[in-house]
Amino acid sequence: MTEDNYSSAHPPLPPTTEDARVLWLRLLRSRRVGVTTFWRLMAEHGDAAAALAALPGVARAAGVENYQICPEGVVQAELAAARRHGARMICRGEPEYPADLSDIADPPPILWAAGDAGVMARPMIALVGARNASSLGTRMARALAQGLGEAGFVVVSGLARGVDTAAHAAALDTGTAAVLGGGVDVLYPSENAGLAEGIRARGGALLSEQPMGTQPQARHFPARNRIVSGLSRAVVVVEAAAKSGSLITARCALDQGREVLAVPGHPLDARAGGCNILIRDGARLVRSAEDVVEALGPSEAPAPQRDLPLEAPAEDPRVPPAAPEKRSLAETAALHAQILSRLGPAPLAEDQLIRDLGATSGTVSPALTDLEVEGRIERRPGGLLSLVV
C-alpha cells in the first residue's frame, strides 16, 4: 500500500473525545513518527491507542531498543500553550479541516489554527514569491491579492517578507490565511508580528502543523509549502529565483494536481528567473487576477455561500486492515539492505522504489517504516524517500 493509499483511501475517523485527541497528539509527537508513519500506523492498527501500544514493538523490530512514546505530559503542555494563545487543534476528518488539504497524499493529521478557522471553508488561492521582492513585485502581489479577494477567494501565503507580506496585507479585509513554518505562537519574521495580529483580528487565520513553541528551521519550510499548495485551488508565483522556496511550492502544487500560474519578469532580473522557467515549462502566464479566475474556470469560482453538512457522516463501511505480512528476520534484513542500496541522498518516489524492487507495496511499506523509525531513511513531502546522511 502506498503513502497515498494509507492517508487517503480510508482515512480514520477523527477523535471524538479529549482523551482521543491526546492520543492522536502523542502518536504524532513520538520520536521518528512523521506524517506518513502516523497514517500507516493508524491504518494498520485502527486507532491511535492501538498504534501507540504497537509502536515500541515496531521500533524494537527496527533495532531501536528502549523506545519511549511521547509522554502525556508533553502533549498536555502543548495543549495548555495552545489554550493560552487562543489556538485550536483541528484534526483531519473534522468539519473545519479543509477538504482540499485532506485530499493530498500527505495531509497533516492536525492543524493548529489561531484566528477564525472558518476562513478555510472558502476557496483559496496561494500567492507566493521572493522575500527580496522588487517594487514591481510587491505592487503586483497587492493587486492580485485585492482582485482575488474581490472575486471571493481567500489568499494563502507563508507570512514571509516580500511577496507574502504584500499579499496578506492586501487581503486583510477579504480573507487571508498564513501557514507558518514554526508554531502558530512563534511569529517569524518578527517584523510581521503586527501583520499576524491583524490577520487574526480581521477574520483570517494563522495555521501550522508544528508543535506550539516550535522555532522555524530550514527543514520545516518544504513541509509548510505542501500545506500552502494543498489548501489552494491554484498557486500563483509572483517573483522567484531559479532556485527558491517558491518553486518548491509550485512543484508541490503540480504533484497535488493544482493549477500553477506565474507572473513573467525581465530575463535579466534574477528574481524573475523561476517564474520565467515555470512559464516556459507550461505554467499559465498571469497579468491580473482575472487571468487567475479564468484559468480556474467556472466550476472553481466561489459560490455565494458554501453549504456545510448539518448531519453526522454515515457510518464508516471500512473493513479492518489486513495484518502486515509476516517475514523472517533474515528476509527482513535482506529487504532492508535492498531498500538502502536503492536509495541515496537524492529523493526517490516510493512508488518508483516499489517498482524497482519488484515487490508489493504491502511488503515494502512496513520495511520503510522500520527504516524510518531506525533513523536510516527520511520521508519527504510528496511521497519521496532519501537516505539520512
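Given the structure is predicted, the values throughout are model-derived calculations rather than measurements.
Applying the side-chain hydrogen bond (donor to acceptor under 3.5 Å, both in side chains) criterion to Thr165, with sequence neighbours excluded, gives Asn192. In terms of the side-chain hydrogen bond (donor to acceptor under 3.5 Å, both in side chains) criterion, Glu294 has no residue partners (sequence neighbours excluded). Annotation: side-chain hydrogen bond (donor to acceptor under 3.5 Å, both in side chains) contacts of Arg287 (sequence neighbours excluded): Asp291. Partners of Glu290 by side-chain hydrogen bond (donor to acceptor under 3.5 Å, both in side chains), not counting sequence neighbours, listed by chain and number: Ser288.
Its side chain within the 4.5 Å cluster rule, Leu285 clusters with Ile279 among the Ile, Leu, Val, Met, Phe, Trp and Tyr residues. Here Ile277 is tied to no hydrophobic group at all, with no ILVMFWY side chain closer than 4.5 Å.
Residue pairs meeting the side-chain hydrogen bond (donor to acceptor under 3.5 Å, both in side chains) criterion with at least one member in residues 23-33, sequence neighbours excluded, are Arg29-Glu78. Each salt bridge (charged side-chain N to carboxylate O under 4.0 Å, His left out) pair with one or both residues in residues 133-151, not counting sequence neighbours, would appear here, but there are none. Contacts classified as salt bridge (charged side-chain N to carboxylate O under 4.0 Å, His left out) and involving residues 62-74 (residues at least two apart or in different chains) are not found. The side-chain hydrogen bond (donor to acceptor under 3.5 Å, both in side chains) pairs that include a residue from residues 167-179 are His168-Thr176, Asp173-Arg202, where partners are two or more places apart or lie in different chains.
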Table please: side-chain donor-acceptor pairs of residues 80-89 below 3.5 Å, with sequence neighbours left out.
residue : atom : partner : partner atom : Å
His85   : NE2  : Val184  : O            : 3.3
His85   : NE2  : Arg200  : NH1          : 3.1
Arg88   : NH1  : Glu96   : OE1          : 3.0
Arg88   : NH1  : Glu96   : OE2          : 3.0
Arg88   : NH2  : Glu96   : OE1          : 2.5

Show me the donor-acceptor pairs, under 3.5 Å and distance only, between side chains in residues 156-163 and residues at least two apart or in other chains.
residue : atom : partner : partner atom : Å
Ser157  : OG   : Leu127  : O            : 2.6
Ser157  : OG   : Asp164  : OD1          : 3.0
Ser157  : OG   : Asp164  : OD2          : 3.3
Arg161  : NE   : Glu191  : OE2          : 2.4
Arg161  : NH2  : Glu191  : OE2          : 3.4

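Using modelled atom types, no side-chain atom of Arg379 and backbone atom of Thr36 make a donor-acceptor pair closer than 3.5 Å.
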